[in-house]
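Below you'll find the structure, written out as structure tokens, and then a few comments.
Every value quoted in this text rests on a predicted model; they were computed, and no experiment measured them. In what follows, every heavy atom counts, from backbone to side chain, and hydrogens, waters and symmetry copies are set aside. The chains referred to below are lettered A, B, ... by the order of the sequence lines, with proteins before strands, and numbering in each begins at 1.
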Amino acid sequence: MASHATLKVLTANRLSDGRVVYLGETGWTVAIEEARLIATPDEASGAEAEGARAVADRMVVEPYLIDVETETGGILPASLRERIRARGPSTGHSRGAAA
Amino acid sequence: MYRYDEFDHAFVRDRVAQFRDQVARRLSGELTEEQFKPLRLMNGVYLQLHAYMLRIAIPYGTLSGRQMRKLAYIARTYDKGYGHFTTRQNLQFNWPRLEDLPDILAELAEVEMHAIQTSGNCIRNVTTDHFAGAAADEVDDPRPWAEIIRQWSSLHPEFSFLPRKFKVAVTGAARDRAAIRVHDIGLELRRGPGGGLGFRVFVGGGQGRTPMLAKEIRDFVPEQELLAYLEAIMRVYNRYGRRDNKYKARVKILVHERGLEEIREQVEAEFAELRGGALDVPVEAREAISAYFAPPSFEDLPRTSRILEEARLRDRDLALWVARNSHPHKQPGYVSVTISLKPIGGVPGDATADQMDKVAELAERFSFDEIRVSHEQNLILPHVRKDDLPALHAELKAVGLATPNAGFITDIIACPGLDYCALANARSIPVAQRLSERFADTRRQSEIGDLAIKISGCINACGHHHVGHIGILGVDRKGEEFYQITLGGAPGGENGGEDAAIGEIVGKGFSTDEVVDAVETIVDTYLKLRETPQESFLAAYRRLGKKPFQEALYGR
Ligand code: HEM
Ligand code: SF4
């Protein structure tokens, strides 16, 4: 069985407003909880192909895969940068703007 | 204040129309991201972690009430109700939608503002002393020259594709408040041997990954020949500046690699060819620009204000605020006022739309409708009657803008860091907030005196950490945020920024949990070792060196 640390999701910024989005089961979503979990290299290339299509369709820019953890029940990005992207700034007037 | 002529209006309106078309073509798929990116950057639009970011130029940091109200309106209508003032006298909005950006730029054009030259490898928005036109120690107002440089540089075809970005700062006083020594070109307006005005010119400063102080390349260029001399520098840079490596493309590297002497000779050779030609600035042209910056109609007032003196005896808060946040003015009976955007625990440089509206109103009432943005991320009312200070203070206090901390340890510069910035290693803002809370006590701040903390979330140094008395740099250590501390940096000061210095790394970095304590240890060490309460942190550090601070921090 693959270890949890190798789980991934595909993320990008939405073209129209720049907001952080994730590839979900049926399309793009702003909620990381709804992201499609990617466990195998095949799934990863499938997701990347969908990402490339979404770029061509002018939905998103610069899609890329990130590592996530699921131990806590939800989907938690491995890196601090991606956690901040998922939740919004950690402080200030727009704190948690993405949550 | 400078007003657009027909040409400026047409130019800015054209750019908005062009950008509207470019956005439409991007959204319809005619342009790819690769094609669009350079176009949006030319209009100040970045893509950051969470959204697009718009950087708006505030030329020489000068704004009118009407312009500030427009910024408030944009913050409310198109963003999340606030804006972020930066170290380059710009304003950044963190959440605009791409679809709205053409409308935002059109709104800005209505009040003679834009986002041109806030990004890309061009001559950027020229910055200057935030007390320009007001400071008691000023030789002359540097803003007409900032404007002349803007006009010369913004349309110059040769300067649209430089090897790298290029930053110019101008000061009109011998005391440098514009950090001229950490700019590609720094200019100090001064009087020459014959009494005429001209410039002392420094070249090759900058921060980022290879911080360097600019060196004096010429001690005097007569004012009418300034553009010829600048163009001579730009020619030499354009010819020899490295385009092979983005990190080596700044003029500071050129000056460093070839040596000041060689660069000076080449610049002089170009200058000899250019001077006396089309680039000479005729007196009439200079006067026409200067007229826009004519001093407001000051009243003849006594030096001391009875109203103020009586009020400050009654009101301790007012007294402290006046002592810290007011600055000597050329005109008797007036001062310049710092409106601190560093409330305890706040985000350095942020202002809400309501606060912006209030500042606009107060500028109209108390400061001849003028506002300045300082590179320290504060706002300034440049021309306030001393008599009006009690009333102004009360108004500011009511909206949380009367923090009496200009130049104190809580007047922290911080870049957006990992909360917003796609290039960051670590967060800057929360560190600034925690430090501000730790040192919140005003009495303690007064005891510490002048102390500048500056924080950047990566080596690009947008938060000026290299020139912080205490500099804090965010680094990534195996996925964790770590902070490297530098000591003894300074952005400028007397005699053309002679005091400027790049801070020295004190030792190994600190974790998020440790960094605030580490700063406190440094401050306590200073308090213990200073010879008198008048010996500033910087002076004490220069006398003592880093050893006692290292011992206090690392127990050696
Ligand atoms: C949010 C997006 C930002 C990005 C992507 C960004 C990017 C950069 C980069 C790449 C450099 C290094 C340039 C070089 O060394 O050649 C730099 C330098 C600098 N930036 Fe930023 N920056 C951002 C925000 C800011 C902000 C908010 C400020 C003001 C608070 C600022 C002010 C500066 C300054 C003062 C420097 C150093 C001066 C120099 O060029 O030597 N930047 N920035
Ligand atoms: S210093 Fe680094 S982290 Fe901070 S704004 Fe500049 S590029 Fe971003």
Of the listed B/Asp476, B/Ile429, B/Leu27, the one with the largest count of heavy-atom pairs under 4.5 Å with chain A is B/Leu27
Max heavy-atom pairs within cutoff under 4.5 Å with chain B, candidates A/Ser79, A/Pro89, A/Gly18, goes to A/Pro89
Discussion item. Are A/His93 and B/Thr352 packed together at the side-chain level, in the sense that at least one heavy-atom pair is separated by less than 4.5 angstrom?
Written reply: yes
Chain A shares the most heavy-atom pairs under 4.5 Å, among B/Gly345, B/Ser28, B/Gly479, with B/Ser28
Smallest heavy-atom separation, B/Arg427 atom then A/Ser90 atom, equals NH1-OG, 3.1 Å
Okay, A/Val20 and chain B: the region with an atom under 4.5 Å from a heavy atom over there is both
Interface check, chain A: of B/Lys80, B/Glu481, B/Arg26, most non-hydrogen pairs under 4.5 Å belong to B/Arg26
Using atom types as modelled and distance alone, determine if a side-chain donor or acceptor of B/Tyr52 lies under 3.5 Å from a backbone N or O of A/Leu15. yes
request  = Compare all side-chain heavy atoms of A/Asn13 with those of B/Gln48 and state whether any distance is below 4.5 angstrom.
outcome  = no
- Query: Given B/His50 and A/Ile84, is the side-chain contact (heavy atoms from CB on, under 4.5 Å) satisfied, shown in steps?
  - Reply: CA-CA 9 Å; B/His50 313 285; A/Ile84 290 174; 3.7 Å; yes
Q. Taking side chain as C-beta onward, heavy atoms only, is A/Arg81 less than 4.5 Å from B/Leu418?
A. yes
Honestly, the part of A/Arg95 sitting under 4.5 Å from a heavy atom of chain B is neither
Residues of residues 43-52 of chain A with a heavy atom under 4.5 Å from any heavy atom of chain B, in residue-number order, are none
Honestly, the part of B/Leu47 sitting under 4.5 Å from a heavy atom of chain A is side chain
When the 4.5 angstrom heavy-atom criterion is applied to B/Thr32 and chain A, the contacting part is neither
Highest number of heavy-atom pairs under 4.5 Å with chain A among B/Leu49, B/Asp350, B/Val347 belongs to B/Leu49
Whatever's closer than 4.5 Å to a heavy atom in chain A on B/Glu99 counts as both
When the 4.5 angstrom heavy-atom criterion is applied to A/Thr91 and chain B, the contacting part is both
